[in-house]
Visitor: 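Could you have a look at this structure, given as structure tokens, before my questions?
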Amino acid sequence: MTARRVVVAGAIVADRRLLLAQRSYPPEVAGMWELPGGKAEPGESRESALRRELREELGVEVTVGAALKESVALRHDLVLVALRAHIEDGTPRAVEHRAVRWVDADELRRLHAEGSLVPADTAWVPELLADLAKRPGPS
Ligand SMILES: Nc1nc2c([nH]c(=O)n2[C@H]2C[C@H](O)[C@@H](COP(=O)(O)OP(=O)(O)OP(=O)(O)O)O2)c(=O)[nH]1
């Protein structure tokens with residue numbers, strides 16, 4: 001049996017906005033928006049993988065929190081998981097992506113409705129909308 005590799009993606013919400021990144025490749029999804037992240041290396045924890053990927057892709061340092069409930073099978077050997085993350089240092093910039101942007105609940109709904117989200121990520125929309133509707137708690 002092939003070991004399942006995990007793709008970890010970061011759900012970063014601040015001031016009732018979610019950070020999205022626009023893919024630059026491959027052609028099928030170039031121009032669509034996703035949660036930034038990437039594949040965990042063998043033996044690497046999901047949390048370390050997400051910290052590494054967000055450092056490489058966005059130039060930010062994050063702390064990693066709880067996972068979103070939905071995980072998505074991308075292929076028989078690849079599963080996509082989203083972890084909540086909080087930026088501790090840096091301002092996100094598109095190092096490997098075409099662009100990054102902060103979206104509120106209405107913008108997320110609109111991107112979803114027009115088919116501009118990477119298909120697998122649509123599974124997270126209800127949970128992300130719930131996160132965006134929450135008042136920030138005491139930190
Ligand atoms: N990072 C990320 N990848 C996603 C999301 N949704 C989704 O279907 N994917 C897919 C696209 C790719 O097939 C795979 C992750 O690829 P990647 O290109 O971001 O990761 P990586 O840098 O580790 O990959 P690679 O260059 O080694 O191929 O997961 C998402 O929200 N974030």
Side-chain angles (χ1 to χ4, degrees):
M1 200 179 86
T2 324
R4 261 197 158 183
R5 257 184 103 175
V6 178
V7 177
V8 277
I12 303 175
V13 173
D15 296 331
R16 297 206 199 185
R17 285 184 158 70
L18 170 72
L19 186 70
L20 290 180
Q22 188 176 35
R23 286 201 72 102
S24 54
Y25 73 95
E28 311 87 76
V29 288
M32 291 183 178
W33 295 87
E34 68 174 7
L35 300 184
K39 298 185 190 87
E41 298 296 335
E44 188 181 37
S45 72
R46 296 171 180 200
E47 290 76 13
S48 303
L50 186 61
R51 285 195 298 271
R52 174 181 55 72
E53 288 285 350
L54 297 185
R55 195 178 297 132
E56 290 169 4
E57 289 189 353
L58 304 175
V60 296
E61 294 297 324
V62 300
T63 46
V64 178
L68 299 191
K69 290 195 193 78
E70 293 290 333
S71 60
V72 186
L74 291 177
R75 306 186 315 230
H76 70 286
D77 61 341
L78 206 59
V79 62
L80 175 65
V81 173
L83 304 178
R84 294 190 176 84
H86 180 76
I87 296 177
E88 300 293 347
D89 193 36
T91 302
R93 63 197 154 85
V95 178
E96 294 172 10
H97 287 90
R98 207 176 267 179
V100 293
R101 67 189 271 204
W102 293 96
V103 297
D104 64 15
D106 285 346
E107 290 166 315
L108 180 60
R109 276 192 208 96
R110 192 159 60 237
L111 288 171
H112 182 32
E114 70 188 29
S116 296
L117 298 177
V118 169
D121 294 37
T122 58
W124 294 321
V125 168
E127 213 174 342
L128 291 170
L129 287 173
D131 278 10
L132 289 170
K134 273 184 201 143
R135 295 197 169 277
S139 53

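Computed from a predicted model, the values in this text were never measured in an experiment.
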Visitor: Which hydrophobic side chains are connected to Leu128, either touching it within the sub-4.5 Å cutoff or through other members that do?
Guide: Val7, Val13, Leu18, Leu20, Trp33, Leu35, Leu68, Val72, Leu74, Leu78, Leu80, Val103, Leu108, Leu111, Leu117, Trp124, Val125, Leu129, Leu132

Visitor: Begin with the C-alpha distance, continue with both residues' side-chain angles, and end with the deciding distance and a verdict on side chain to side chain contact (heavy atoms under 4.5 Å, CB included) for Arg51 and Val62.
Guide: CA-CA 6 Å; Arg51 285 195 298 271; Val62 300; 4.0 Å; yes

Visitor: Which pair of non-hydrogen atoms, one from Leu50 and one from Gly10, has the smallest distance, and what is that distance?
Guide: CD1-N, 3.6 Å

Visitor: With rounding to the nearest 0.5 angstrom, report the CD to CD distance, Glu127 to Glu70.
Guide: 7.0 Å

Visitor: Taking only residues two or more places apart in sequence, or in another chain, which ones meet Glu44 in a side chain to side chain contact (heavy atoms under 4.5 Å, CB included)?
Guide: Ala40, Glu41, Ser48, Ala49, Arg52

Visitor: Partners of Ser116 by side-chain hydrogen bond (donor to acceptor under 3.5 Å, both in side chains), sequence neighbours excluded?
Guide: Glu114

Visitor: Who are the side-chain hydrogen bond (donor to acceptor under 3.5 Å, both in side chains) partners of Glu88, not counting sequence neighbours?
Guide: Thr63

Visitor: Is the side chain of Glu53 donor-acceptor paired with the backbone N or O of Val8 at a distance under 3.5 Å, no angle test?
Guide: no

Visitor: Where is the tightest heavy-atom contact between Ile87 and Pro92, given as atom of each residue plus distance?
Guide: CD1-CG, 3.7 Å

Visitor: For the residue pair Leu54 and Ala85, what are the closest heavy atoms and their distance?
Guide: CD1-CB, 4.4 Å

Visitor: Keeping to residues at least two apart or across chains, list the side chain to side chain donor-acceptor pair (under 3.5 Å) pairs with something in residues 94-108.
Guide: Glu34-His97, Asp106-Arg109

Visitor: Partners of Val79 by side chain to side chain contact (heavy atoms under 4.5 Å, CB included), sequence neighbours excluded?
Guide: Arg4, Val6, Ser71

Visitor: Suppose clustering is done on Ile, Leu, Val, Met, Phe, Trp and Tyr with side-chain heavy atoms closer than 4.5 Å. Which residues sit in the same group as Val29?
Guide: Met32, Val118

Visitor: Quick one: list whatever passes salt bridge (Lys or Arg N to Asp or Glu O under 4.0 Å) with Arg55, sequence neighbours left out.
Guide: Glu61

